[in-house]
Visitor: 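Supplied in structure tokens, the structure appears directly below.
Quantities reported herein were computed from a predicted structural model and do not represent experimental measurements.
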Amino acid sequence: MDAFHSSAKKPGSAPFGGPGYSDQFVRSATQPLTSKGTRPLAAGPESVAQQITDAEQQLAMCRTILEQFEPRIGILKSAVEHLKKPAAPPPPKKLGFGAKKPAPPARQAAGDRAMIENLAQRLGAKPDLLRRSEIALHQFDDALSTLTLAETKLAGLTGLDPYAAGYALDGLGLSKLQGKVYPICNFYEVFKDDEMLWRLFPPPQQTSVPRGTGRLSLGG
């Protein structure tokens with residue numbers, strides 16, 4: 001059964017805050033390429049220009065999906081780092097006259113800090129959940145770096161003759177990129193057995209979410 005046809009509902013689900021993360025959008029943006037869906041590269045200027053436009057659209061959709069996940073991935077990453085950080089050092093000695101004070105640590109909103117601490121406790125109590133979280137973080141970073149590389153390659157096609165551009169297009173690895181983005185959209189399946197992480201990564205919505213309703217919350 002396709003994960004995106006799942007109709008299961010859980011209490012307290014937190015929909016994503018933008019209209020981009022929907023069932024229809026995710027399916028269209030991450031549909032793996034097949035031999036039936038590909039066309040032989042032609043060297044004509046118009047054909048290559050259209051292929052470049054198609055590639056730009058596919059990369060833009062993948063970028064939008066990853067940007068939708070980025071704040072939630074940031075929370076998960078902070079929770080893992082909070083769990084693994086060393087014990088707090090002893091209070092610093094009094095500074096002598098004229099000594100510079102160390103820079104204060106970066107501040108976090110109270111709600112985000114509490115969320116991260118609660119999630120860190122959860123991960124610390126469940127080693128398997130921590131392992132899955134670390135894999136998810138690696139998958140996101142890998143997809144993001146692959147996307148950035150593809151965007152750089154595509155930008156470098158400007159000014160190339162159609163033959164060279166057509167050859168370079170074949171090396172963008174769009175299918176590989178889509179194969180890395182698609183599993184990220186299924187994080188809600190990876191964490192569906194844990195209420196807290198399921199709220200952090202809810203399933204895609206069938207309809208657009210009104211703006212201003214996407215505030216993250218892991219509270220009960």
Side-chain angles (χ1 to χ4, degrees), residues 1-6 15-74 76-77 132-192 200-209 214:
M1 180 178 179
D2 193 331
F4 291 107
H5 282 107
S6 175
F16 277 49
Y21 184 65
S22 65
D23 180 85
Q24 182 179 6
F25 175 79
V26 167
R27 288 175 63 83
S28 65
T30 61
Q31 183 65 38
L33 298 177
T34 63
S35 58
K36 293 182 179 180
T38 57
R39 294 172 298 176
L41 291 176
E46 293 183 0
S47 176
V48 172
Q50 182 59 52
Q51 292 173 43
I52 290 176
T53 298
D54 292 343
E56 289 173 343
Q57 292 175 349
Q58 292 180 55
L59 293 182
M61 285 191 290
C62 288
R63 170 67 65 178
T64 298
I65 289 178
L66 294 185
E67 287 179 350
Q68 289 281 338
F69 276 88
E70 194 166 16
R72 296 164 186 267
I73 289 292
L76 181 60
K77 184 176 182 179
R132 281 184 279 159
S133 297
E134 291 174 326
I135 291 175
L137 293 176
H138 172 75
Q139 287 178 307
F140 181 85
D141 288 342
D142 186 35
L144 185 59
S145 63
T146 301
L147 171 61
T148 302
L149 179 60
E151 291 173 333
T152 301
K153 288 182 178 180
L154 187 61
L157 301 186
T158 304
L160 292 181
D161 66 83
Y163 291 97
Y167 180 81
L169 275 169
D170 198 33
L172 285 180
L174 293 179
S175 181
K176 181 179 180 181
L177 170 63
Q178 290 169 324
K180 292 183 178 183
V181 172
Y182 191 84
I184 294 172
C185 298
N186 278 305
F187 277 176
Y188 74 96
E189 283 285 345
V190 174
F191 298 117
K192 65 182 179 180
L200 187 61
F201 297 105
Q205 303 300 301
Q206 296 292 336
T207 57
S208 297
V209 179

Visitor: When rounded to the nearest 0.5 angstrom, what is the spacing between CD in Gln51 and CG in Leu172?
Guide: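 Those atoms lie 10.5 Å apart.
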Visitor: Please examine the side chains of Glu70 and Leu66, heavy atoms only from C-beta on, and report whether any two atoms are closer than 4.5 Å.
Guide: no
Visitor: Do you see a donor-acceptor pair shorter than 3.5 Å between the side chains of Gln50 and Asp54?
Guide: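 Side-chain D/A pair, Gln50 to Asp54: present.
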Visitor: Testing Glu151, Gln58, Gln68 one by one against Arg63 for a side-chain hydrogen bond (donor to acceptor under 3.5 Å, both in side chains), which residue passes?
Guide: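 The passing option is Glu151.
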Visitor: Does any part of the side chain of Tyr188, heavy atoms only, come nearer than 4.5 Å to the side chain of Pro202, both counted from C-beta?
Guide: no
Visitor: So, taking the atom named CG in Leu174 and the one named CG in Leu147, what distance separates them when rounded to the nearest 0.5 Å?
Guide: 10.0 Å
Visitor: Supply the atom-to-atom distance Leu144 CG to Glu67 CD, rounded to the nearest 0.5 angstrom.
Guide: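 Answer for the CG-CD pair, Leu144 versus Glu67, is 9.0 Å.
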Visitor: Just verifying a value: how many Å separate Asp141 CG and Lys180 NZ, rounded to the nearest 0.5 Å?
Guide: 11.5 Å
Visitor: Within the structure provided, determine whether Leu76 and Phe201 are in side-chain contact (heavy-atom separation under 4.5 Å).
Guide: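 Of all side-chain heavy-atom pairs linking Phe201 with Leu76, at least one is under 4.5 Å.
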Visitor: Nearest 0.5 Å, please: how far is OG1 in Thr53 from CD in Glu56?
Guide: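 So the gap between those two atoms works out to 5.5 Å.
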Visitor: With side chains defined as the heavy atoms from C-beta onward, is the minimum distance between Phe191 and Leu200 less than 4.5 Å?
Guide: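 No; the side chains remain at least 4.5 Å from each other.
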Visitor: So which atom in Ala143 and which in Ile184 form the shortest heavy-atom distance, rounded to 0.1 Å?
Guide: CB-CD1, 3.6 Å
Visitor: Can you measure from CG (Leu177) to CG (Leu59) and round to the nearest 0.5 angstrom?
Guide: 6.5 Å
Visitor: Students often mix this up, so state it plainly: with edges at 30° and 60°, are the rings of Phe69 and Phe187 parallel, tilted or perpendicular?
Guide: perpendicular
Visitor: Quick check: do Ile73 and Leu137 have side-chain heavy atoms less than 4.5 Å from each other?
Guide: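 In contact.
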